[in-house]
Structure formats: C-alpha cells, structure tokens
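Only one structure is covered here, and it is reproduced in the block below.
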Amino acid sequence: MIDQVKQKINDLLSNGSVKGVVALVHTNGNVAPCLYQKGDDLDKLCLGDTDSAGDARYPLNKVLVTLSRQYPDEVFGVLVRGCDERGLYGLYRLNQLDPERVVPIGIACPQSLALQCECKKPWPDDMMAGETSEGIDQKGVANAESNSHSERFSYWKGQFLKCVKCYGCRDICPMCFCRECSLECEDLVSKGDLPVEIPVFHLVRAMHMADRCIDCGLCDEACPADIPLRLLYKKTAQIMNTEFGFTSGIKKYEKSPLSLMGPAPEK
Amino acid sequence: MDYRNTLTTCTYCGCGCNLFLESIDGKLTGTTPCKTSPVNEGKLCIKGWNAHAFVQSERRLKKPLLRKNGELVEVSWDEALDYAASRLKDIRKKNNPDAVGFFASAKVTNEENYLMQKFARAGMGTNSVDHCARL
Ligand code: SF4
Ligand code: SF4
Ligand code: SF4
C-alpha cells in the first residue's frame with residue numbers, strides 16, 4: 001500500500017498539480033506530521049502505523065488548515081483515512097477549507113483498526129490504496145446505556161473528575177478551529193480552577209461536537225486522564241442521527257441541521 | 001514554503017515530555033505531543049500544549065532588568081552580572097556562605113544545573129541548593 005501512496009505523491013508533486021502533500025514521516029524512531037514538496041525524499045514516508053495499525057495517527061487536516069490559512073492560493077495534497085475524509089467534508093461545509101484546493105490521497109484501514117475504533121466506515125469514498133474492511137456496529141453506546149441512570153451518572157461524574165483541564169481534547173481535534181473557544185469563556189468555565197465545572201466543561205464540548213465530530217478518536221488518545229471522550233461524542237452523534245438523520249462528514253455537501261433555520265429537514 | 005515539525009523536549013518541568021514544535025517559514029505556529037515518545041505517549045499537560053506560545057511573546061524579557069530607585073530598568077549583561085557578583089560577595093562576607101541559597105531550574109539542561117550546584121558548593125561554599133518547584 002505504501003508504495004502506491006509514494007507513487008501517487010510523487011506524481012502529484014512532479015506534475016505540479018499540488019504545492020505540497022501533508023502526510024507523515026518516520027524519522028529518528030518517531031512519527032511526525034510532515035509536508036512533502038517537490039524533490040523531497042519519500043523514503044521515510046509513513047502511514048501512521050508503528051507497533052499496530054493506526055497507532056501513530058496525527059490530525060493531518062489540522063495541519064492542512066494551518067497551511068491553507070497561511071497560503072490560501074496553493075493546492076495541497078493530504079493523506080486521508082475514512083475519518084479524515086469525513087473531516088475534509090466537514091471542513092468544506094464549515095468554510096475552513098476550499099475543496100478546489102485539496103487533493104485527498106485516500107487509504108483504507110485494516111479490520112483490526114476498524115474494530116478498535118468501532119468505526120462505521122473505515123475507508124474513504126475516494127480511495128487509492130488498501131482494501132476496504134467491514135464497518136463495525138456501534139455497540140459501545142448501547143452497552144453504556146444498559147446501566148441505570150444513577151450508575152451512568154456516577155460513572156461519568158467519576159470520569160469527568162479526573163480531568164486535568166489540559167485542553168488536549170480540543171487542541172488535537174481536527175474539527176476544532178474556533179478562534180474564540182467557549183471552553184475559555186469565563187461565564188462558562190472559570191479560569192484556573194480544578195476540578196473543572198462538572199458537567200459543563202465536557203458537555204459544552206460534546207454539544208459543540210454534535211454536528212462536527214467525525215469520530216477519529218484522536219481526543220481519546222490525547223487525554224492524559226483516559227476519559228472515554230470518544231464514547232461521549234459517539235452518543236451525541238447518535239442523537240443527531242436519530243433526530244435529524246445527519247452524520248457528520250458522511251455526505252460531501254450536506255448542511256448540518258443545526259445550521260438551518262425553520263422546520264426540521266426531511267430525514 | 002518551509003513547514004516543519006521539530007521534535008524537542010518540553011521545557012516546563014523535569015518530566016521530559018516529547019513534543020513537536022510546528023513552524024511555518026521560521027515562525028512557531030503550534031505544539032503537538034509526540035505519540036511515539038515512551039514518556040508521554042501523545043499526551044501533554046496544559047503548559048506543554050502551549051510550549052510554542054511564550055517563545056515569540058512580545059511580553060518576553062529581552063534584556064536583564066535591575067531595580068534602581070524602586071523601578072525596574074533595562075541594563076546591559078555586564079552591568080547586571082557585575083551587580084549580582086558584587087552583591088553575592090558582600091552578603092557572603094558580611095554573613096556567611098549559608099546566607100545565600102541556590103535554586104536549580106527544570107527549564108535548563110542537566111549540565112547547566114550541574115554547573116550551578118558546583119558554583120554553589122565550590123564557589124560560594126554552601127550546600128543550600130534546591131529545586132525551583134519549591135520556590
Ligand atoms: S476511525 Fe475509522 S477510518 Fe479513522 S482510523 Fe479508525 S478505522 Fe480508520
Ligand atoms: S473523535 Fe475527538 S478528536 Fe476526533 S473529531 Fe471527534 S471530538 Fe474531534
Ligand atoms: S484531554 Fe482529557 S484531561 Fe485534558 S481537558 Fe480534555 S478531558 Fe480533560
């Protein structure tokens with residue numbers, strides 16, 4: 001798979017259709033986000049797998065947004081998995097990226113990773129390498145909901161109490177880009193206090209993610225307190241789906257029901 | 001166009017979390033925790049996440065400050081070092097070496113901390129050496 005990706009990047013760079021390609025590099029024993037430009041060595045290109053599949057993924061779309069803000073007229077390629085492509089669709093919809101200036105290089109995820117992510121769609125629509133594995137049923141939310149209200153309440157309260165307020169869940173998230181963040185608004189979240197306001201801090205983020213989260217799991221992996229954030233956002237995504245028939249990033253130009261005025265759109 | 005992620009170690013405490021400093025055309029734009037680091041495994045505390053923020057801050061001191069007539073004023077390194085050296089000598093002479101204490105820093109290297117304690121013990125003659133976390 002990696003050779004196909006290298007070939008594709010090489011082609012894009014040498015025919016000049018992109019200025020650079022955002023992907024990963026494996027160097028000095030570490031994996032890092034990287035921008036490949038014409039003439040750069042693709043030998044150390046990496047897809048984000050070290051000990052196991054997808055264990056060294058980074059928010060490449062975030063890098064792309066940063067680069068596009070700096071160089072709005074350039075076209076960039078970007079390495080995407082299924083979740084990253086959902087992210088691109090979301091970022092187009094939210095006017096953070098221009099689809100005319102992005103060339104996705106899509107790869108499929110192996111079954112092991114799909115299982116671990118409990119991923120509905122472990123492949124991008126626009127796929128150039130890998131084989132699609134099966135989408136996984138979302139059982140995590142149903143399992144969590146099989147407990148009583150009071151058990152669930154004390155479970156989540158216990159989880160939220162562990163929060164060290166590092167803002168890592170927001171900072172790593174490829175779908176968080178606001179210049180002014182509600183989590184830093186002192187009317188909602190007081191500055192410098194720990195534990196954080198429970199449940200305001202985590203639920204404000206969950207609400208804001210309801211029509212944005214593309215279920216990539218990077219927040220879960222960045223949380224030093226091991227709070228199952230992804231499970232929480234899977235629940236908000238599920239509500240969006242049940243109530244409005246909407247899932248973030250599944251259809252390319254679909255508007256979010258939360259950004260429409262008037263009656264609910266047809267499901 | 002020069003986009004980089006430079007691997008480095010967080011300067012805020014002694015844990016040694018690994019992070020990437022992101023830069024575009026020589027200006028820092030962000031911090032990303034290193035996932036392949038066995039120390040922090042892709043996680044950081046709030047200080048680490050903002051490791052890029054202070055470097056280019058306008059509020060950063062660029063010259064030594066000395067308090068003159070109750071006010072902090074910018075002075076040259078020579079003046080600042082001469083003043084510090086003469087005051088340290090004075091205090092040591094009037095009292096004893098233990099009248100001076102030394103605080104090491106988590107923001108500098110092991111070798112610099114080694115030199116500092118050497119200066120405290122061999123230069124000043126005191127064992128009053130402690131860590132900045134106890135300031
Ligand atoms: S969420 Fe899906 S597409 Fe993304 S890494 Fe996991 S399995 Fe792959
Ligand atoms: S899974 Fe987490 S990091 Fe990924 S989009 Fe959702 S909230 Fe953001
Ligand atoms: S990453 Fe975890 S510990 Fe940090 S602010 Fe988010 S929930 Fe809290």
Side-chain angles (χ1 to χ4, degrees), chain A residues 19-22 24-38 40 46 48-51 54-60 62-71 74 76 163-172 183-184 191-192 194 196 217-226, chain B residues 1-60 106-107 109-111 131-135:
Chain A
K19 174 77 186 167
V21 175
V22 180
L24 296 164
V25 62
H26 198 162
T27 173
N28 301 324
N30 290 297
V31 179
C34 171
L35 177 74
Y36 291 95
Q37 295 184 72
K38 201 171 179 171
D40 286 351
C46 165
D49 316 315
T50 54
D51 296 334
D55 61 350
R57 294 179 296 125
Y58 283 88
L60 298 182
K62 205 171 187 99
V63 173
L64 188 62
V65 170
T66 309
L67 278 166
S68 308
R69 280 183 183 170
Q70 201 74 20
Y71 288 96
E74 301 289 359
F76 293 101
C163 177
V164 295
K165 215 182 184 185
C166 66
Y167 287 86
C169 44
R170 174 199 69 182
D171 291 345
I172 202 77
L183 300 180
E184 288 179 44
K191 213 175 188 169
L194 270 179
V196 289
L218 291 178
C219 51
D220 241 44
E221 294 176 11
C223 178
D226 278 337
Chain B
M1 190 179 303
D2 180 13
Y3 175 85
R4 288 178 205 211
N5 276 295
T6 308
L7 181 65
T8 186
T9 311
C10 181
T11 56
Y12 272 114
C13 82
C15 274
C17 292
N18 281 196
L19 49 86
F20 295 107
L21 286 178
E22 179 191 63
S23 61
I24 302 184
D25 302 327
K27 280 235 158 79
L28 292 181
T29 45
T31 303
T32 310
C34 175
K35 283 194 151 174
T36 35
S37 159
V39 179
N40 53 310
E41 299 178 334
K43 303 159 209 306
L44 287 171
C45 76
I46 190 162
K47 292 185 288 175
W49 269 109
N50 293 286
H52 64 286
F54 71 89
V55 182
Q56 292 154 178
S57 168
E58 274 310 306
R59 290 165 59 206
R60 214 177 151 174
K107 290 182 92 86
T109 64
N110 208 29
E111 289 72 14
H131 179 257
C132 66
R134 261 198 279 254
L135 260 177

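Order of the sequence lines sets the chain letters (A, B, ...), proteins ahead of strands, with each chain counted from 1.
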Using side-chain heavy atoms (C-beta onward) and a distance below 4.5 Å, is Glu22(B) in contact with Val63(A)?
yes
Could you look at Glu41(B) and say if it's the side chain, the backbone, both or neither that has a heavy atom under 4.5 Å from chain A?
backbone
Identify which part of Asn40(B) has an atom lying under 4.5 Å from any heavy atom of chain A, answering side chain, backbone, both or neither.
neither
Heavy-atom check, side chain of Ile172(A) versus side chain of Trp49(B), under 4.5 Å:
yes
Answer with side chain, backbone, both or neither: which region of Val31(A) has an atom nearer than 4.5 Å to a non-hydrogen atom of chain B?
both
Among Leu67(A), Leu218(A), Asp55(A), Thr27(A), which residue forms the greatest number of heavy-atom pairs with chain B at distances under 4.5 Å?
Leu67(A)
Looking at every heavy atom in both Pro33(B) and Tyr58(A), which two are closest together, and how far apart are they?
O-CE2, 3.4 Å
Rounded at 0.5 Å granularity, tell me how far OG1 in Thr32(B) sits from NZ in Lys62(A).
9.0 Å
Less than 4.5 Å apart, any side-chain heavy atom of Val22(A) and any of Tyr3(B)?
no
Would you say the side chain of Asn28(A) lies within less than 4.5 Å of the side chain of Leu7(B), judging by non-hydrogen atoms?
no
Taking every non-hydrogen atom, the tightest pair across Tyr167(A) and Ile46(B)
CD1-CD1, 3.5 Å
Whether Asn5(B) side chain and Pro33(A) backbone form a donor-acceptor pair below 3.5 Å:
yes
Output, in order, the C-alpha distance, side-chain angles, deciding distance and verdict of side-chain contact (heavy atoms from CB on, under 4.5 Å) for Met1(B) and Leu35(A).
CA-CA 10 Å; Met1(B) 190 179 303; Leu35(A) 177 74; 3.9 Å; yes
Measuring heavy-atom distances to chain A, does Leu44(B) have an atom under 4.5 Å in its side chain, in its backbone, in both, or in neither?
backbone
Side chain, backbone, both or neither of Thr50(A) within contact of chain B (heavy atoms, under 4.5 Å):
side chain
Assert top hit (heavy-atom pairs under 4.5 Å, partner chain B, pool Gln70(A), Glu74(A), Gln37(A)) equals Gln37(A)
Between Cys34(B) and chain A, with a heavy-atom cut-off of 4.5 Å, which part of the residue counts as in contact: side chain, backbone, both or neither?
both
How far does SG of Cys166(A) sit from NZ of Lys43(B), to the nearest 0.5 angstrom?
9.5 Å
Which bit of Lys165(A) comes within less than 4.5 Å of chain B, counting heavy atoms only: side chain, backbone, both or neither?
backbone
